[in-house]
Amino acid sequence: MEKQYDPKGIENKWHDAWTENKLFVADEKTTKPVYSVVIPPPNVTGILHMGHALNNTVQDIIVRHKRMSGCEVLWVVGTDHAGIATQNVVERQLAKEKLTRHDLGREKFVERVWEWKTQYHATITSQLKRLGTSVDWSRERFTMDEGLSAAVRKVFVSLYNDDLIYRGKYIINWCPRCRTALSDEEAEHKDSKGKLYHFKYPLADGSGHVTVATTRPETMLGDTAVAVNPTDDRYRYLIGSHIMLPLVNRKIPIIADDFVDKSFGTGAVKVTPAHDPNDYAIAQRHYLKPIIIMDEGATMTGPIPDKYKGLDRFACRKEIVADLTALGLVDTIEDHDHAVGQCYRCSTVVEPYYSDQWFVKMAPLAAKALAAAKKNTITFYPERYKKTYTDWMENIRDWCISRQIWWGHRIPVWYCDECKAVIVSETDPTICTHCDSTKLRQDNDVLDTWFSSWLWPFSTMGWPQHTDLYKKFYPTTSLTTAPEILFFWVARMLMAGIYCTKQLPFTDIVLHGTVRDKSGRKMSKSLGNSIDPLDVINVNGADALRFSLMMTTAQGADVYLSPDTFEIGRNFCNKLWNAARFVLGTIPEKVTITALPPVFRLDGADIWMLSRLSKTIAAVESALQTYRHNEAARLLYDCTWHDFCDWYVELKKADLYQTEDAEKQADARALCIHVLGTLQKMLHPFMPFIIEEIWSHLREKITYNNLIDAQFISCASFPKSNKDQINDAIEAEFTLVQNVITAIRTMRAENNIPPDKKGTAKIVTATPSDLASLTAHKARIEHFAKLTSATIGADLVRPSFCASSIVAGNQVFLELEGLIDKQVELERLAKEIARTQSLIESTQKRLESPAFTGKAPAEVVAKEEEKLCGLKSNLEKLNQSLAALH
RNA sequence: GGGCGCAUGGCUCAGCUGGUUAGAGCGCCGCGUUCACAUCGCGGAGAUCGAAGGUUCGAAUCCUUCUGCGCCCACCA
């Protein structure tokens, strides 16, 4: 093994080995308990970013842990066709060739996208592989593959027949650049600084004017009324009279509607039914006909003055303002901050647009999904997202599912040109079911990409067929994703799952944070602040990336990354590597271990280590079960680095290197192997590559069936905590030993004593059990504190001149001829005395308060009393030491 | 406008159901290359836990208000 861990080569080697041995291929005939999850399918034309790295690391940890815990695991992998996003990518590419999709035509264009899909697909999947995700590649799916497409059609038809899908003319969010409808969720509202324009609309009878306020002046060309609140005394007398709409010279009525807020703006609202959802609602109530003044590219059109025709909406806005100004009809223009909807794929400002679209009626579907959350059959991690979810569900609105693009599942609806019948069918009809005509036209639109995503947990397993896979692995258990897509995807999957399969598709929803840069900005390509996970993998390895991510963030909290974040993982990999290198180096050729040494051959340090290990196993298991992966990572990091490497390995070196007592040496070796191996098993879900590599080295030299129980660690058993090994008394004893050693080291360091200068120590013990404990570890104290000898006893005489320290009541005196600096000691003692005194004061104060002694539990009071007693004794000893120095 | 989250040493964060002398990593300072690891070891300095109230014998931890930052939702033109 090399001196430093180098992930290059190793990662690919193990990935290939896992694949060849089909380790992650789920067996649908298994008799084991099953565990399944589905990956949030990445956009097929996407590239791996830190969010993916985080998301997939979390899932991989869950899945590998379950696999090692005896479950048959299915992790479904696949990609999403991502309708608008992918179409945009390809259209942009076409633009470079000076082509539009219309130049190619629908069929050729879709072909072209498929080509792109094939090419990009390789990118994202190879990137997922490099992360180490243990997905079942043999069952990879794509949202537009045959099976999933069949599922989409099945669900569409079924919802239509159940009266849960309808078509109609409504105001929807429209992206003029993508030229398609969007759902409410796809229009992102971002705060922006705009203007509120106040226009004077002349009354038709010339008797004055009404001032209206708008943020979108261009829409005035489509105004069909001015609305006021019926209770507004300022305008009540005008209700029923008319306005002469400037520039277009159309006579429009003044109407009364409760929607109008008297206190906002002027209290008079211009009504543009075709281009504003509220205005549309008002118009519905007042039987006003919408006048469309923009086309699908948000270019001005319709019954408007010619000079505005063909203008872009924003250019037109300027013109309108200029023209109204010229007419003296602009009252004021003020700054106005408001949230403007933007297309989530291209950030173009969305335009409310009046058009024919398909919708899913959501309320009936939401009812059951809401009930599941309320009955706690769904658990959110962290819990607070439950409220976000239920709030959304309770206020759910119908879902616009038709998109005016070409890449996606074409809506399975046909219109008969002869009899105008509407045919909704899972299979392509050839003749009209009503009039036998063959003149059928399929609906031009495709479905929202999320209409296939919401079926993902079961469509990927073969549904609507009751395949063996579906029967065995559906429903899944946990679903891990970012909170951003709680509504887009998670909520909808729950609804679809209940509707289609009568079951919740998963019960645990694990939401991790958003990946941000150091200054808190979301990492994104457009901001240029993203750290490419592949760069990190290339430099530090996938394991370092994964482990660092897990160490950096608490459950559900956002992840703030800087380039040096990944040193945590890199350094830890190296530490592990070297720990293994060391342990392996102590094995001459091969070794067979049948069991741990019997208890009577274990000393305090061994029992301490095994106790720490068992506690760590239990804590890790519990952290993993509640998806607190950072907690598990931290526990493993601490136990590996600080307990095992810093103390235990150092302690056991004496036994490992000594050759006189072969049994002792073998015992030490077995114990080190046991602890290291156990830690590595737990670390494997976090850092699969390096551990698999180390595991292979262990396997080469060691036979130890209780530990090394599989060819690949991916298939080995996850450690189980052994209650019998937990020993708090021994842990406390060893902690005392550690603290004594540290105290002596501190005294040495503060006195600047060179490492080669050894000293002697006298330890005056506080209790008989401390005497026993310290005496048992006497040799170690001498070795680790660099002493020629330590004398331990209850009644030792204080040396005349020495450095001194108190450890849990035990006095530690360090003698080093001519090397102890009196001044240093005086300062340290003074500081220590001051600290002790202030502690005594506060403790005494507490104990003197009858409120405390009367109301606090007896054991808490007793503890305080004990503390005070100890502190007082410490103070006395410190003062003695001070006196002795003088 | 409604909801949620975060404010802990120079930096990045832990701290789960209230009771420790408030932890870690990075950075900093000192010492160190004896044979696992300088991507290392040993030691140290550095925090009145955003502010003000409150509950409690006791609060970083619970409640209220405030300030700052962030996120989500929402049809005030």
Rounded to whole angstrom units, what separation is found between the [atom1] atom of [X] and the [atom2] atom of [N]?
{"X": "A:Y637", "N": "B:G25", "atom1": "OH", "atom2": "C1'", "answer": "6 Å"}
{"X": "A:L486", "N": "B:C73", "atom1": "CG", "atom2": "P", "answer": "10 Å"}
{"X": "A:D564", "N": "B:G10", "atom1": "CG", "atom2": "C1'", "answer": "14 Å"}
{"X": "A:L635", "N": "B:G15", "atom1": "CG", "atom2": "C1'", "answer": "12 Å"}
{"X": "A:D558", "N": "B:C13", "atom1": "CG", "atom2": "P", "answer": "10 Å"}
{"X": "A:I744", "N": "B:C42", "atom1": "CD1", "atom2": "P", "answer": "16 Å"}
{"X": "A:D646", "N": "B:G43", "atom1": "CG", "atom2": "C1'", "answer": "13 Å"}

On the nucleotide B:A45, are OP1 or OP2 found under 4.0 Å from the side-chain N or O atoms that A:K831 carries?
yes
Between A:R384 and B:C72, does any side-chain N or O lie under 4.0 Å from OP1 or OP2?
no
Same-atom distance ([atom1]) from [N] to [M], integer angstrom:
{"N": "B:A7", "M": "B:G50", "atom1": "P", "result": "8 Å"}
{"N": "B:C71", "M": "B:G9", "atom1": "P", "result": "23 Å"}
{"N": "B:U56", "M": "B:G19", "atom1": "C1'", "result": "12 Å"}
{"N": "B:U65", "M": "B:G1", "atom1": "P", "result": "16 Å"}
{"N": "B:U55", "M": "B:G46", "atom1": "P", "result": "35 Å"}
{"N": "B:C63", "M": "B:G70", "atom1": "C1'", "result": "24 Å"}
{"N": "B:U34", "M": "B:C16", "atom1": "P", "result": "44 Å"}
{"N": "B:U48", "M": "B:A60", "atom1": "P", "result": "13 Å"}

Where the side chain of [X] is concerned, which of [options] is the nearest nucleotide?
{"X": "A:T746", "options": "B:A24, B:A77, B:G44", "result": "B:G44"}
{"X": "A:D261", "options": "B:A14, B:A36, B:A77", "result": "B:A77"}
{"X": "A:A856", "options": "B:A74, B:G19, B:C76", "result": "B:G19"}
{"X": "A:R397", "options": "B:A77, B:G19, B:C75", "result": "B:C75"}
{"X": "A:A554", "options": "B:C37, B:A14, B:G43", "result": "B:A14"}
{"X": "A:R570", "options": "B:U34, B:U39, B:G3", "result": "B:U39"}
{"X": "A:R745", "options": "B:C42, B:U21, B:A74", "result": "B:C42"}
{"X": "A:F487", "options": "B:C72, B:C40, B:A77", "result": "B:C72"}
{"X": "A:F259", "options": "B:C75, B:U34, B:G19", "result": "B:C75"}
{"X": "A:P755", "options": "B:G32, B:C40, B:A77", "result": "B:G32"}

[X] near the nucleic acid: base, sugar-phosphate alone, or nothing, with a heavy-atom cut-off under 4.0 Å?
{"X": "A:A281", "answer": "nothing"}
{"X": "A:C645", "answer": "base"}
{"X": "A:H198", "answer": "nothing"}
{"X": "A:T586", "answer": "nothing"}
{"X": "A:R634", "answer": "sugar-phosphate"}
{"X": "A:P754", "answer": "nothing"}
{"X": "A:H275", "answer": "nothing"}
{"X": "A:K270", "answer": "nothing"}
{"X": "A:R835", "answer": "base"}
{"X": "A:W641", "answer": "sugar-phosphate"}
{"X": "A:K786", "answer": "base"}

Could you tell me whether the side chain of [X] has a donor or acceptor atom within less than 3.5 Å of a complementary atom in the base of [N]?
{"X": "A:K575", "N": "B:C37", "result": "yes"}
{"X": "A:K863", "N": "B:U20", "result": "no"}
{"X": "A:K3", "N": "B:A38", "result": "no"}
{"X": "A:E650", "N": "B:A36", "result": "yes"}

Cationic tip of A:K575 above A:Y5 ring, under 6.0 Å, 45° of axis
no
Any strand is fair game: report the nucleotide pairing with [N] by Watson-Crick or G-U wobble, both distances under 3.5 Å, or none.
{"N": "B:C57", "answer": "B:G19"}
{"N": "B:C31", "answer": "B:G41"}
{"N": "B:C6", "answer": "B:G68"}

More than 12 foreign heavy atoms under 6.0 Å from NE2 of A:H783: is that the case here?
no
Return yes when atom NZ of A:K701 has more than 12 non-hydrogen atoms of other residues, nucleotides or ligands closer than 6.0 Å, and no otherwise.
yes
Taking for each residue the nucleotide of RNA chain B bearing the nearest heavy atom, is the 5' side occupied by A:V860 or by A:T553?
A:T553
Nearest-nucleotide comparison on RNA chain B, the residue closer to the 5′ end among A:R581 and A:S263
A:R581
From CA spacing to verdict: side-chain contact (heavy atoms from CB on, under 4.5 Å), A:H629, A:Q555:
CA-CA 7 Å; A:H629 304 108; A:Q555 181 179 74; over 6 Å; no
SB check A:E848 A:K845 (cutoff 4.0 Å):
no
Between the side chains of A:T272 and A:K270, is a donor N or O closer than 3.5 angstrom to an acceptor N or O?
yes
Is a donor from one side chain sitting under 3.5 angstrom from an acceptor on the other, for A:Y344 and A:E188?
no
So which of residues 624-632 of chain A are in contact with RNA chain B, with a heavy-atom cut-off of under 4.0 Å?
A:R628
Residue list, side chain to side chain contact (heavy atoms under 4.5 Å, CB included) with A:T390, at least two apart or on another chain:
A:L370, A:A373, A:K386
So A:D655 and A:R669, salt bridge (Lys or Arg N to Asp or Glu O under 4.0 Å) or not? Walk me through it.
CA-CA 9 Å; A:D655 293 343; A:R669 205 152 54 203; over 6 Å; no
